[in-house]
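Atoms within a ligand are numbered from 1 in the order they appear, just like the ligands themselves.
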Amino acid sequence: MTDTTRELPRDLEFVPLSADDDETAGQWLDLLAESSGDVPHAAPPCNVDMIGSLRHAPPATALDDWVARADGKVVGALRLVLPEGAPAARVDQLLVHPRLRRRGIGRALHAHALELAGKHGRSTLSATLTEGLPDGPPLGAGPAAFAAAMGAVRADVPGGLHQWLDLGRHNPLADGVPAAPPGYWLVTWGTVTPDEYALQVSALELSLGDAPADAAQQEVRTSYARQFEKMRVGRGRRAHHTGVVHEASGQLAGYTSVSKTTGNPEYLLQGMTVVHRAHRGHGLGLLLKLANLDLALRHEPQVRLVETANDETNRPMIAVNEAMGFEPYDRMVSWTREVGSAES
Ligand code: ACO
């Protein structure tokens, strides 16, 4: 695939990507593996997870996946994420083979993304880029330079903070898991949420614990938790959950979730943690996360690294993570451009 010219391949074409097209999907997986050095520290892509992602979109979201092909080979990839009813299409993947960069393939993929976003009726195209932190490892400036060259503008608002817990350096379970405070007890479950909690989990997740539990539940017509776990199962992911039940009301006061792919036994992803606002201030967030890490490690003893990301204004959650030994790694910032405006 090494190509010494700096020209756009003449036969560059865009092909929809489907999990049923073994040849193209296999080349796409190779592209992802060969580009994995782009994001230092990240878990290597898991083939089962990535092929599953082509078949199982997140709840209330459609995906539009394409590859760029030249000379019969996949040289780039594009994934547009289309949340239901939103004005924006999000670029989740816009990738060019590392040996074929700076010859216009990225620009061509971006033009294709704009065209697709317009066809999907979206008015803006957005992407999330990672930025280094003052004390963190340096990250390349290429993606931001590319986004700027494509006419996107960096959002001037708080972004996300990406933190990692390295269990080889810090064991937050060294003193065990603390007892639940009086009036609460812990429950655990695996990938599939028990029926009795499915609507409560959905309501907590969709309101982030801010709506009165009963009102939020009435608005959850179908269970978000069920749709989310269908995606997880379809992607071959295993999950572990710990919830906290409020004894007096019998309601779920909060829960936390971790998951992992089949392909990376050492990596765990810390997902949603939410404590209903009526139950905050009792240390339940930290308790849930410690108890759930303990649960996960009993099932997944090879795990060494835990990854999480939060809105960087969410100090309470970031403080809980710091108390567990999570360290900041990089931040995530949104870039946006209008779909209708002239291509730069
Ligand atoms: N440094 C500085 N400017 C750059 C760089 C870079 N490393 N890469 C691209 N640009 C800018 C330049 O202005 C370039 O024009 P020029 O070559 O005439 O100077 C312009 O972007 C277009 O470059 P292309 O050759 O079309 O881009 P390429 O095919 O190399 O792909 C991409 C760029 C997609 C960023 C590639 O490096 C890659 O796959 N990186 C990893 C994934 C990634 O970061 N994707 C970007 C997401 S941002 C978004 O989607 C808006």
Just go through [options] and tell me whose heavy atom is the nearest to [atom].
atom                    : options                        : answer
atom 17 (O) of ligand 1 : Arg102, Met150, His110, Arg103 : Arg102
atom 27 (O) of ligand 1 : Ser35, Gly106, Ala147, Ala148  : Gly106
atom 41 (C) of ligand 1 : Leu78, Asp38, Thr128           : Asp38

Are any of the side-chain nitrogens in [X] or [Y] under 4.0 Å away from the carboxylate oxygens of its partner?
X      : Y      : result
Arg304 : Asp166 : no
Arg154 : Glu131 : yes
Asp294 : Lys289 : no

Plane angle bin for [Y] and [X] - parallel if under 30°, tilted between 30 and 60°, otherwise perpendicular:
X      : Y      : value
His279 : Tyr184 : perpendicular
Phe228 : Tyr224 : parallel
Phe14  : His112 : parallel

Which residue and non-hydrogen atom of the protein lie closest to [atom], and at what distance in Å?
atom                    : value
atom 7 (N) of ligand 1  : Gly142 CA, 3.4 Å
atom 13 (O) of ligand 1 : Ala149 CB, 3.5 Å
atom 23 (O) of ligand 1 : Phe146 CD1, 4.1 Å
atom 2 (C) of ligand 1  : Ala145 CB, 3.3 Å
atom 15 (O) of ligand 1 : Arg107 NH2, 3.7 Å
atom 47 (C) of ligand 1 : Leu129 CD2, 3.8 Å
atom 43 (C) of ligand 1 : Leu94 O, 3.6 Å
atom 49 (C) of ligand 1 : Ala127 CB, 3.9 Å

* Asked: Between Val96 and ligand 1, which part of the residue brings a heavy atom under 4.0 Å of the ligand: side chain, backbone, both or neither?
  -> both

* Does ligand 1 have any atom sitting under 4.0 Å from a heavy atom of Gly104? ->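 Contact check Gly104 vs ligand 1: positive.
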
* To do: Enter the distance from Asp175:CG to Leu290:CG here, rounded to the nearest 0.5 Å.
  => 10.0 Å

* To do: Please determine which of Val39, Leu129, Leu161, Thr130 meets the side chain to side chain contact (heavy atoms under 4.5 Å, CB included) test together with Asp330.
  =>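 Of the listed options, the one satisfying the test is Thr130.
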
* To do: Answer with yes or no after comparing the ring centroid distance for Trp164 and Phe326 against a 6.0 Å cut-off, counting only values under it.
  =>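 Aromatic pair excluded; centres sit 6.0 Å or further apart.
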
* **Asp11 atom CG: more than 12 heavy-atom contacts under 6.0 Å** =>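 Enclosed.
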
Under 4.0 Å from any heavy atom of [X], which atoms of ligand 1 are there?
X      : value
Pro143 : 44 (O)
Leu95  : 39 (O), 41 (C), 42 (C)
Val91  : 50 (O)

